[in-house]
Amino acid sequence: KSDLKKLIKSRPKTLGIKDLVVELEDTTSQHREIGRSFINRVSPETKPDEKHHKQFANLGRQMLYLITKYVREPSSRTETLNMAREIGAGFGRVLAEMRLPLTASVEAFLMHRDPIIEAATNLAGKREAHSERIVEAIPLANHFMDETLVAMIAAHQQYRDESIKEKQQ
């Protein structure tokens with residue numbers, strides 16, 4: 001029995017989807033820092049108030065959760081993508097409400113995308129990551145974020161268009 005335990009302990013741990021979930025959850029502090037530094041750099045006069053901070057935090061948590069759900073649960077991907085679009089629309093509305101220009105909003109989204117893709121890529125590049133599901137997760141996460149980004153842009157534009165119409169009346 002002890003030889004079997006030694007053999008099991010000596011084998012490298014195979015990394016899988018659960019490890020990816022942990023890696024994605026570990027990006028939270030990076031996202032906070034990106035948000036803080038981005039707003040100060042791009043639009044110092046556009047300071048999110050407490051309400052906006054809470055909305056961003058809530059939307060960000062939901063997005064990270066849904067990315068992992070999208071990767072883990074192939075049977076619910078259509079439903080998960082619909083929720084991703086709702087989150088994207090939420091981001092778009094909040095950013096437009098803050099009067100952050102659309103280009104800056106897209107730039108912010110792309111900056112937040114980097115830690116997610118880096119986490120998946122770094123995990124896939126480790127020797128222990130024999131799971132094809134980790135490698136498959138990268139394009140899945142990209143697709144998820146693309147859908148979220150498109151919804152964010154559409155909501156931002158819609159909010160802006162509605163604001164313009166209200167001013168004209």
Side-chain angles (χ1 to χ4, degrees), residues 20-21 23-124 134-169:
L20 178 60
V21 171
E23 290 288 322
L24 291 178
E25 288 172 351
D26 285 347
T27 64
T28 304
S29 61
Q30 287 176 277
H31 292 292
R32 259 188 242 116
E33 183 53 37
I34 289 168
R36 268 192 291 273
S37 63
F38 181 79
I39 288 293
N40 290 334
R41 181 178 58 81
V42 171
S43 185
E45 68 282 353
T46 307
K47 294 284 185 203
D49 59 21
E50 188 60 31
K51 177 184 112 178
H52 293 132
H53 276 295
K54 286 181 180 180
Q55 289 173 316
F56 284 133
N58 185 41
L59 290 166
R61 278 190 298 274
Q62 288 177 40
M63 186 167 161
L64 284 175
Y65 167 76
L66 289 175
I67 289 171
T68 60
K69 181 178 180 178
Y70 187 72
V71 170
R72 278 191 330 244
E73 299 175 19
S75 62
S76 63
R77 284 192 180 138
T78 300
E79 173 191 340
T80 306
L81 269 185
N82 288 334
M83 289 187 267
R85 291 181 190 107
E86 289 175 27
I87 288 172
F91 276 123
R93 281 189 297 276
V94 173
L95 292 163
E97 196 175 279
M98 289 174 50
R99 298 184 181 202
L100 196 66
L102 181 57
T103 354
S105 299
V106 171
E107 183 181 354
F109 187 93
L110 294 175
M111 289 175 73
H112 282 281
R113 177 189 205 124
D114 288 345
I116 294 168
I117 297 304
E118 283 177 22
T121 305
N122 289 340
L123 195 62
I134 292 177
V135 175
E136 292 169 358
I138 296 168
L140 289 171
N142 264 325
H143 178 68
F144 178 95
M145 289 185 291
D146 289 346
E147 293 291 327
T148 307
L149 176 60
V150 169
M152 182 199 79
I153 292 168
H156 193 289
Q157 289 175 321
Q158 181 180 356
Y159 184 93
R160 188 195 65 217
D161 293 347
E162 289 170 1
S163 296
I164 291 170
K165 285 179 186 175
E166 286 175 11
K167 286 178 184 176
Q168 291 174 344
Q169 292 178 352

Practice task
Identify the two heavy atoms, one from A96 and one from Y159, that lie closest to each other, and give their separation to 0.1 Å.
Solution key: CB-CD2, 3.3 Å

Exercise for the section: Mind checking side-chain contact (heavy atoms from CB on, under 4.5 Å) for E86 and listing every partner two or more places apart, or none if nothing turns up? Expected result: none

Problem - For A108, side-chain contact (heavy atoms from CB on, under 4.5 Å) partners two or more places apart - result: F38

Problem - salt bridge (Lys or Arg N to Asp or Glu O under 4.0 Å) partners of E25, counting only residues at least two apart - result: none

Practice task
Please list, chain by chain and in numerical order, all residues satisfying salt bridge (Lys or Arg N to Asp or Glu O under 4.0 Å) with D114, sequence neighbours excluded.
Solution key: none

Problem - Any residue meeting side-chain hydrogen bond (donor to acceptor under 3.5 Å, both in side chains) with Q157, in chain and number order, not counting sequence neighbours - result: none

Completion exercise
CG (N142) and CD1 (I138) are apart, to the nearest 0.5 Å, by 8.5 Å

Handout entry: Criterion side-chain contact (heavy atoms from CB on, under 4.5 Å) on M98 and Q55, from CA distance to verdict
Key = CA-CA 12 Å; M98 289 174 50; Q55 289 173 316; over 6 Å; no

Practice task
Under the side-chain contact (heavy atoms from CB on, under 4.5 Å) rule, collect the residues that match up with Q62, sequence neighbours excluded.
Solution key: N58, I87

Problem - Reported CE-to-CD distance for the pair M111 and E33, which is rounded to 0.5 angstrom - result: 10.0 Å

Exercise for the section: Run the numbers on T148 and M63 for side-chain contact (heavy atoms from CB on, under 4.5 Å), then give the verdict. Expected result: CA-CA 9 Å; T148 307; M63 186 167 161; 4.0 Å; yes

Problem - Check: E79 and K69 side chains under 4.5 Å, non-hydrogen atoms - result: yes

Completion exercise
Contacts satisfying ring-ring contact (aromatic ring centres under 6.0 Å, His included) that involve residues 67-89 (not counting sequence neighbours) are Y70-F144

Exercise for the section: Determine which pairs satisfy salt bridge (charged side-chain N to carboxylate O under 4.0 Å, His left out) with at least one residue from residues 147-156, sequence neighbours left out, and list them in order. Expected result: R85-E147

Practice task
Give the minimum heavy-atom separation between A89 and A155, together with the two atoms involved.
Solution key: O-CB, 3.4 Å

Problem - Side chain to side chain, V106 and L102, heavy atoms closer than 4.5 Å - result: yes

Exercise for the section: Could you pull out all residues at least two apart from R61 that satisfy side-chain hydrogen bond (donor to acceptor under 3.5 Å, both in side chains)? Expected result: none

Practice task
Kindly determine whether L110 and L149 satisfy side-chain contact (heavy atoms from CB on, under 4.5 Å), including the steps that lead there.
Solution key: CA-CA 9 Å; L110 294 175; L149 176 60; 4.2 Å; yes

Completion exercise
Contacts of R160 meeting salt bridge (Lys or Arg N to Asp or Glu O under 4.0 Å) (sequence neighbours excluded), chain-then-number -> none

Completion exercise
Value for CE (M145) from CG (L66), rounded to nearest 0.5 Å, stands at 12.5 Å

Exercise for the section: Indicate yes or no: at least one non-hydrogen side-chain atom of T103 is less than 4.5 angstrom from one of E107. Expected result: no

Practice task
Check whether any side-chain heavy atom of Q158 sits under 4.5 Å from a side-chain heavy atom of R93, and report yes or no.
Solution key: no

Exercise for the section: State whether the side chain of H156 and the backbone N or O of L100 hold a donor-acceptor pair below 3.5 Å, judged by distance alone. Expected result: yes

Practice task
Report yes if some heavy atom in the side chain of M152 is under 4.5 Å from a heavy atom in the side chain of L95; otherwise report no.
Solution key: yes

Practice task
Kindly write out the residues that satisfy side-chain contact (heavy atoms from CB on, under 4.5 Å) with V150, not counting sequence neighbours, or none if the list is empty.
Solution key: none

Handout entry: Student check: side-chain heavy atoms of E118 and T27 closer than 4.5 Å
Key = no

Handout entry: Within residues 100-124 or reaching into it, pairs that qualify as ring-ring contact (aromatic ring centres under 6.0 Å, His included) - sequence neighbours excluded
Key = H31-H112

